[in-house]
Amino acid sequence: MASLLRLPSLLAPAAARPAALLRHRGRCIHTSPARLCAAATNAGASSAAPAKMETRGGDREGQVTPRSTDFNAWYTDVIAAAELADYGPVRGTMVIRPYGYAIWEAIQDYLNVKFKETGHSNMYFPQFIPYSFIEKEASHVEGFSPELAVVTIGGGKELEEKLVVRPTSETIVNHMFTKWIQSYRDLPLMINQWANVTRWEMRTKPFIRTLEFLWQEGHTAHATLEEAEKEAMQMIDVYTKFSYEQAAIPVIPGRKSRVETFAGADRTYTIEAMMGDKKALQAGTSHNLGQNFSRAFETQFMDENGQLEHVWQTSWAISTRFVGGIIMTHGDDAGLMLPPRIAPIQVVIVPIWKKGDEKRVVMEAVASVQNTLKEAGIRVKVDNSELRTPGWKFNFYEMKGVPIRIELGPRDVKNRSVVLSRRDVPGKQGKEFGISMEPSILVDHIKGRLEEIQASLLQKAITFRDSNIVDVNSYGELKEVIAEGKWARGPWSASDADELKVKEETSATIRCFPFDQPGGAKKCFMTGNPTDEVAIFAKSY
């Protein structure tokens with residue numbers, strides 16, 4: 001078996017990367033040049049070889065590192081082979097390719113509707129922020145200082161004041177809110193922006209942690225603490241519903257500990273997701289900022305009694321790291337496995353014919369099926385290229401996580417039927433033969449299967465999550481659970497110092513105090529003191 005091409009770390013210099021990196025369509029990702037040339041030559045000749053064209057299977061050899069063997073290598077291999085992203089020329093950056101960006105667009109499409117339904121408007125703020133803005137909120141500058149990218153020269157001259165490339169926008173938002181808010185009649189002010197962010201990360205991972213990434217960040221100002229708290233909770237609920245209903249990721253919503261709270265916030269709420277290697281991913285956050293930024297920037301309003309008051313604020317965000325979360329939650333050895341509701345392609349049609357005179361008949365049937373599905377609102381793609389065998393195409397679209405594949409050959413045309421394959425059910429078990437081409441039957445059948453796949457992926461992820469969360473009642477038990485790579489859940493009311501001790505000794509952090517708390521009296525497993533809450537500890541990305 002040929003050796004596998006491993007994608008380098010984002011920290012690796014560009015010059016050290018293999019020249020064949022991410023070569024896939026029209027080429028192979030094996031390291032052996034002989035295998036590369038042979039594979040390309042054979043595939044190119046296959047359209048003229050009838051026996052090859054009738055094949056309904058494929059060769060998986062060497063596509064990606066098995067997930068169970070090396071999860072990190074599998075993750076980066078999948079990103080390459082599924083054509084999600086490539087490495088940028090600056091160390092730690094990435095280029096999001098069209099297929100990867102289409103997944104991000106699906107996230108945007110859903111959230112944009114929800115943001116507007118909840119009264120928010122989109123706008124945009126500059127990415128350059130005066131350094132003095134960052135310094136105004138003490139805990140904010142302390143939290144972000146190591147990650148700042150700073151501009152000191154512009155137009156060939158040294159700047160009078162350094163500029164920060166946006167790490168987040170609370171400071172510049174407050175600067176503008178101070179201009180726009182004068183009276184209680186100006187409140188609430190609720191905006192969102194879709195933007196890029198720069199944080200100078202030392203250890204990077206595609207989609208999960210890069211120097212620059214894409215996100216949405218919402219910012220709101222309110223007249224009362226209660227209104228701000230309601231807003232912060234509302235938005236974490238929006239994220240939770242998106243995760244469950246669209247991405248099929250069963251996140252655990254909850255409150256961050258003081259140690260893990262966003263720099264400058266009074267409270268941080270989070271959704272925590274369990275990845276396929278059982279590490280936690282902070283998939284989205286919502287912050288109750290209190291009056292910390294409004295006091296720093298003197299963002300005030302005249303209340304109904306004629307008194308000047310500082311506004312109460314929130315901020316909340318989801319980023320392109322959610323794409324990485326989808327990969328690591330649902331993927332398998334064959335590659336991506338995308339939930340149908342966010343899949344850029346829900347159905348791929350692969351035409352199959354033996355002889356040239358069969359091509360016309362097959363392609364007419366394919367066009368009919370494609371139009372039927374498009375008119376029903378199903379995202380469908382036809383791969384009618386003749387440079388690749390059907391078997392290669394089967395594997396390629398499995399790698400890309402397309403939920404349903406339709407195979408259509410001369411026998412199927414004669415029988416007025418198609419063959420369906422489900423991405424989430426491998427092998428013969430996932431195949432259905434003789435599905436009628438009659439439009440109403442075909443559409444109903446495929447829509448039903450897409451919903452089944454969506455539900456199946458969610459249930460599988462819930463089962464995996466729940467089987468890897470262990471309740472603990474002592475620090476010793478927590479250490480054992482974390483050493484096994486699982487999540488530990490136990491009563492907690494210990495100090496920040498104790499929390500940092502756990503992190504130092506186990507590399508695990510408090511992911512959250514879940515909103516869903518068990519009843520009954522509890523004692524902190526670290527101190528023995530009474531507590532009302534359990535916390536979840538885990539290693540994380």
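Taken from NZ in Lys374 to NZ in Lys381, the straight-line distance is 10.0 Å, to the nearest 0.5 Å. Between atom CG of residue Asn112 and atom CG of residue Asn192 there is a gap of 7.0 Å, rounded to the nearest 0.5 Å. Note that CD1 of Ile536 and SG of Cys512 are 4.5 Å apart. Values are rounded to the nearest 0.5 Å. Interatomic distance, Met399 CE to Asp77 CG, rounded to the nearest 0.5 Å: 8.5 Å. Expressed to the nearest 0.5 Å, how far CZ of Arg423 lies from OG of Ser456 amounts to 12.0 Å. Rounding to the nearest 0.5 angstrom, the gap separating the CE atom in Met274 from the CG atom in Asp466 is 8.0 Å.
By the 4.5 Å heavy-atom criterion applied to side chains, Ile326 and Ile249 are counted as neighbours. Using a 4.5 Å heavy-atom threshold, the side chains of Leu458 and Pro250 count as touching. Side-chain contact between Val251 and Thr240: present, with at least one pair of heavy atoms (C-beta onward) separated by less than 4.5 Å. Using a 4.5 Å cut-off on side-chain heavy atoms (C-beta onward), Thr329 and Phe464 make no contact. Counting heavy atoms from C-beta outward, Thr509 and Arg511 have side chains that approach closer than 4.5 Å. At a threshold of 4.5 Å between non-hydrogen side-chain atoms, the residues Ile345 and Arg379 do not count as touching. Using a 4.5 Å heavy-atom cutoff, the side chains of Ile327 and Leu336 are in contact. In this structure the side chain of Met328 never reaches within 4.5 angstrom of the side chain of Lys279, judged on heavy atoms.
A donor-acceptor pair is defined here as one N or O able to donate and one able to accept, closer than 3.5 Å; such a pair exists between the side chain of Thr463 and the backbone of Gln459. Under a 3.5 Å cut-off, the side chain of His330 and the backbone N or O of Ala248 do form a donor-acceptor pair. Formation of a donor-acceptor pair under 3.5 Å by the Gln127 side chain with backbone atoms of Arg166 is not found in this model. Counting only distance, with no hydrogens or angles, the side chain of Tyr110 and the backbone of Ile342 share no donor-acceptor pair below 3.5 Å. Here the side chain of Arg449 pairs no donor or acceptor atom with the backbone of Ile404 at under 3.5 angstrom. Side chain of Asp383 to backbone of Ser385: a donor-acceptor contact under 3.5 angstrom is found. In terms of modelled atom types and a separation under 3.5 Å, the side chain of Ser286 and the main chain of Ala232 share a donor-acceptor contact. Remark: side-chain polar atoms of Trp316 are not paired, donor with acceptor, to backbone N or O of Gln216 under 3.5 angstrom. A donor-acceptor pair under 3.5 Å links the side-chain atoms of Arg199 to the main chain of Pro167, judged by distance alone. Without hydrogens or angle criteria, Trp487 side chain to Asn468 main chain gives no donor-acceptor distance under 3.5 Å.
Residues Thr268 and His287 have side chains that bring a donor and an acceptor to within less than 3.5 angstrom of each other. Under 3.5 Å, the side chains of Ser169 and Gln193 contain a donor-acceptor pair of N or O atoms. Defined by atom type and a distance below 3.5 Å, a donor-acceptor pair is missing between the side-chain atoms of Gln108 and Glu105. No side-chain donor-acceptor contact under 3.5 Å links Thr69 and Arg67.
Note on Lys447 versus Glu451: no salt bridge recorded, every NZ/NE/NH1/NH2 to OD/OE distance being 4.0 Å or above. Ion pairing between a basic and an acidic side chain is recognised when a charged N comes within 4.0 Å of a carboxylate O; Glu438 and Arg416 show no such pairing. Taking a cutoff of 4.0 Å between a charged side-chain nitrogen and a carboxylate oxygen, Lys256 and Glu272 qualify as a salt bridge.
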Please assess Phe537 against Leu478 for the test side-chain contact (heavy atoms from CB on, under 4.5 Å), listing each intermediate value before the final yes or no.
CA-CA 8 Å; Phe537 291 78; Leu478 178 139; 3.6 Å; yes
When you look at Arg422 and Asp424, which way does the salt bridge (charged side-chain N to carboxylate O under 4.0 Å, His left out) test go after all the steps?
CA-CA 6 Å; Arg422 286 176 56 157; Asp424 65 320; 2.8 Å; yes
Given side-chain contact (heavy atoms from CB on, under 4.5 Å), test Val369 with Val382 step by step and report yes or no.
CA-CA 10 Å; Val369 171; Val382 173; over 6 Å; no
Check against side-chain contact (heavy atoms from CB on, under 4.5 Å), Ile96 and Val323:
CA-CA 11 Å; Ile96 303 176; Val323 177; over 6 Å; no
As a quick check of understanding, evaluate side-chain contact (heavy atoms from CB on, under 4.5 Å) for Val418 and Ile349, giving each step before the final call.
CA-CA 10 Å; Val418 298; Ile349 304 175; over 6 Å; no
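Taking both residues in full, the closest heavy atoms of Gln346 and Pro340 are given as NE2-O, 3.1 Å, listed atom of the first, atom of the second, then distance. For the pair Leu450 and Pro403, the tightest heavy-atom approach, listed with the atom from each and the gap, is CD2-CB, 4.0 Å. Scanning both residues, Ile318 and Gly284, for their nearest heavy atoms gives CG1-CA, 3.8 Å. In terms of heavy-atom proximity, Ala365 sits nearest to Leu408 at CB-CD2, 4.0 Å. Nearest heavy atoms, Gln282 versus Thr285: NE2-CG2, 3.3 Å. Listed here is the closest heavy atom pair of Val413 and Met437: CA-CE, 4.0 Å.
The local environment of NZ in Lys503 is sparse, with at most 12 non-hydrogen atoms from other residues, nucleotides or ligands closer than 6.0 Å. Counted within 6.0 Å of CG on Asp357, heavy atoms from surrounding residues, nucleotides or ligands total more than 12; the atom is thus considered enclosed. For Gln429, the CD atom counts as loosely surrounded, since its 6.0 Å shell holds 12 or fewer non-hydrogen atoms of other residues, nucleotides or ligands. Dense packing is recorded around CH2 of Trp215, with more than 12 heavy atoms of other residues, nucleotides or ligands lying under 6.0 Å away.
Using the six-membered ring where Trp is involved, Tyr269 and Phe515 have ring planes that are tilted, between 30° and 60° apart.
With a 6.0 Å cutoff to the six-membered ring centre and a 45° limit on the axis angle, Arg405 counts as a cation-pi contact of Phe394. Under a cutoff of 6.0 Å and an axis angle of 45°, Lys400 and Tyr99 form a cation-pi pair.
Between Trp104 and Phe207, the ring center distance fails the sub-6.0 Å criterion.
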